[in-house]
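To start, the structure itself, in structure tokens.
The figures here come from the full heavy-atom set of this structure, side chains too, leaving out hydrogens, waters and symmetry mates. Every chain is numbered from 1, with letters handed out A, B, ... down the list of sequences.
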There are 2 protein chains.
Amino acid sequence: MLNYSTSEENYIKAIYHLQKEGTVTTNELAAELSTRPASVTDMMKKLRTKKLVHYEAYKGFRLTPEGRKLALIIIRRHRLWEFFLAEKLKFSWDEVHAVAEDLEHVSSKKLIDKLDEFLGFPRYDPHGDPIPDANGKIETSKQVCLIDLPLNKAAVVCYVSDQSTEMLELLSHKKIGIGTRLEIKKKFSFDQSLEIKLRQQSATTISGDLAKNIFVKYDE
Amino acid sequence: MLNYSTSEENYIKAIYHLQKEGTVTTNELAAELSTRPASVTDMMKKLRTKKLVHYEAYKGFRLTPEGRKLALIIIRRHRLWEFFLAEKLKFSWDEVHAVAEDLEHVSSKKLIDKLDEFLGFPRYDPHGDPIPDANGKIETSKQVCLIDLPLNKAAVVCYVSDQSTEMLELLSHKKIGIGTRLEIKKKFSFDQSLEIKLRQQSATTISGDLAKNIFVKYDE
DNA sequence: GTTTTAATTTAGATTTGCCTAAAAAAATAT
DNA sequence: ATATTTTTTTAGGCAAATCTAAATTAAAAC
Ligand SMILES: [Mn+2]
Ligand SMILES: [Mn+2]
Ligand SMILES: [Mn+2]
Ligand SMILES: [Mn+2]
């Protein structure tokens, strides 16, 4: 496996996190990395020649299978170091991320696999996120009914059980679809209705009947 | 404290190790870092403006007190990581150096101090080299009489007790002086004479009477 | 003390990763 | 459909760290 620069690794990891909602755009990635859109375009051309991203001008980008594999390696390093810092060095959970941002770029495979063993093959980092194993396999968060989603926990809509025309009409009016990111702000036990907040929109209310038919996965 | 690049840190550390024998030259440093003399000159100008080295064109360089302080911070990181790798992750002693070369550039002070504590404040790395403490204090190898130096252990002449003309004449004939690097190849119990090898020269023999007056420190 | 050799520095390029400003393309509004 | 706004890309430049080749200085040899 080739060796990638810190900068390349940061881009790959950021794309991995953003692409859960489909194609990643130049501005999104620039914001995520606190850099400029022009820099993103430059880097995308480079990552394309290295076959880590699919990219066509003006059409956004996604990781190739190779790119995804690399992303999972970096995430594995990051989360194992976070676990080490919290568990062994007694860092508090909110301090681990910044240090892990540096440690994650030390690329020795043996180091990471031995660290994993030393830590007892932990499955989750201090934030509850799953740690990919040595083969790059990562636990996919299982889907849960929107009714059962905890308050203020970011989630992504992944399935709708009732697909009748009436249901779809209601969903489209509420601007909810597969991939929509949302969280629950309030639960009203009187009628099981929920106040939910869609990403980058104001709050809205949906009935319990609707919520029962929506399934989500936890968002990272 | 400012933040230094990986490259700057590697230069500073290399100068620290080389300057035990006086002024460091451009070619020496280039060889040590597997780079070109022209690159060394460029970097020395830069480190001079940052007040980390004393440097005048054609006259070699040495660390300033600031530079030495930085060097000891980097060496502390390096050796603590080497200890961690050997002790906790069960790396063999010859594998630790390469990985520590990367880890040493992660610059969080808190990380290193907590790592030190986690490891139980080890005093020596897996190669037997002393680990600087959190204040940058490092154990200076104490001087020992040449008679007592173990076989094949590299050492540097640091003191000569008899400074008579006759003694100095003999020393200069043997090309031995303060800073000379040597090791003992054989000890003859019959007359306490020693076969010693001076760095980059062929072996020679000295009498026990001479050896008794020469004091050395272990070389790193 | 010249001359020759070796060490060091300068000059000029290159690569990586970033930037600003301008141009081009796509999306949105009228 | 056209005009306006937003997004994205291109063009040109900059700083860090490296290089090669040429010039300069210092050291060694004669
Ligand atoms: Mn993190
Ligand atoms: Mn985490
Ligand atoms: Mn080492
Ligand atoms: Mn060591």
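In this structure, A:K50 places its NZ atom 11 Å from C1' of C:dT15, rounding to the nearest Å.
Using a 4.0 Å heavy-atom cutoff across all strands shown, B:A57 reaches sugar-phosphate atoms only and no base atom. B:Y11 comes within 4.0 angstrom of sugar-phosphate atoms only, judged by non-hydrogen atoms across all strands, and of no base. Looking at heavy-atom distances under 4.0 Å, B:S7 makes contact with sugar-phosphate atoms alone, never a base. Among the heavy atoms of the strands, none lies under 4.0 Å from B:K59. Base engagement by B:S39 is indicated by at least one non-hydrogen atom pair under 4.0 Å involving a base atom. No contact: B:F61 has no heavy atom under 4.0 Å from any strand.
Within the 4.0 Å cut-off from OP1 or OP2 of D:dT9, not a single side-chain nitrogen or oxygen of A:K45 is found. Phosphate contact (OP1/OP2 of C:dT20, side-chain N/O of A:R36, threshold under 4.0 Å): present. Between B:T35 and D:dC19 there is a side-chain N or O to OP1 or OP2 distance below 4.0 Å. Taking 4.0 angstrom as the limit, B:T26 places a side-chain polar atom (N or O) nearer than this to OP1 or OP2 of C:dT9. Taking 4.0 angstrom as the limit, B:Y55 places a side-chain polar atom (N or O) nearer than this to OP1 or OP2 of C:dT9.
Of the possible donor and acceptor atoms, none in the side chain of B:E87 sits under 3.5 Å from a partner among the backbone N and O of B:F84.
A salt bridge links B:K13 to B:E104: one of the charged nitrogens lies within less than 4.0 Å of a carboxylate oxygen.
The side chain of A:N27 approaches D:dT7 more closely than any other nucleotide in the set D:dT7, C:dT20, C:dT8.
When each of B:D42 and A:T6 is assigned the nucleotide of DNA chain C with its nearest heavy atom, B:D42 is the one assigned upstream, toward the 5' end.
Geometric assessment of B:K153 against the ring of B:Y218 yields a positive cation-pi assignment under the 6.0 Å and 45° thresholds. A cation-pi contact, defined as under 6.0 Å to the ring centre and within 45° of the axis, links B:K88 to B:F118.
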